[in-house]
Amino acid sequence: MENWIGVGIWIVMGAVVGLAMKLVVRRPDTTPGHTRLLCLLGAFAAVIGGMLGVGIFEFDDPVALSIGGMAGAVGFAALMTWVYRWGIKGLT
């Protein structure tokens with residue numbers, strides 16, 4: 001049960017990171033539905049990053065609520081949402 005709670009926390013943290021990245025990387029115009037897309041992309045990237053963080057940093061006790069899992073989730077969600085915002089910014 002503890003692992004599912006950790007994955008839920010990763011999802012929420014990813015959505016928050018996506019919203020924060022919207023504030024960090026400014027665009028002159030806004031696109032409808034863009035906030036929902038950033039939240040979904042951040043949540044998906046956080047789950048992937050959390051799994052990678054647990055797999056790389058937590059060998060003896062692989063649980064989702066660990067420093068490696070949380071750092072991986074936040075780091076990968078920030079990276080993916082920044083790449084998305086940067087790419088969209090370059091298109092306009």
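Quick caveat: nothing in here was measured; it's all calculated off a predicted structure.
In plain terms, the two heavy atoms of A77 and G42 that are nearest each other are CB-O, 3.6 Å. For the residue pair V63 and V54, the shortest heavy atom distance occurs at O-CG2, 3.5 Å. In terms of heavy-atom proximity, S66 sits nearest to E58 at OG-CG, 3.4 Å. Considering every non-hydrogen atom in both I48 and F76, the closest pair reads CG2-CE2, 3.9 Å.
Following chains of ILVMFWY side-chain contacts shorter than 4.5 Å, one can reach L65 starting from V17, so the two form part of one hydrophobic cluster. Under the 4.5 Å side-chain heavy-atom criterion for ILVMFWY residues, a single connected hydrophobic cluster contains both V74 and V7. Using a 4.5 Å cut-off between side-chain heavy atoms of Ile, Leu, Val, Met, Phe, Trp and Tyr, with links allowed through other members, L79 and V24 fall into the same hydrophobic cluster. Hydrophobic cluster membership differs between V12 and F44, with clusters built from Ile, Leu, Val, Met, Phe, Trp and Tyr side chains linked at under 4.5 angstrom.
Separating the CG atom in L52 from the CZ atom in F57 is a distance of 10.0 Å, to the nearest 0.5 Å. Atom OG1 of T81 sits about 11.0 Å away from atom CG of L37, to the nearest 0.5 Å. The CE atom of M80 lies 15.0 Å from the CZ atom of R85; values are rounded to the nearest 0.5 Å. Distance check: H34 NE2 to L41 CG gives 9.5 Å after rounding to the nearest 0.5 Å.
Heavy-atom contacts from other residues, nucleotides or ligands closer than 6.0 Å to CD1 of I67 number 12 or fewer.
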Exercise. Step by step, would you call Y84 with M21 a side chain to side chain contact (heavy atoms under 4.5 Å, CB included)?
Worked result: CA-CA 10 Å; Y84 175 75; M21 200 55 64; over 6 Å; no
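When each of V16, I9, I11 is checked for a side-chain contact (heavy atoms from CB on, under 4.5 Å) with M13, only I9 meets the rule.
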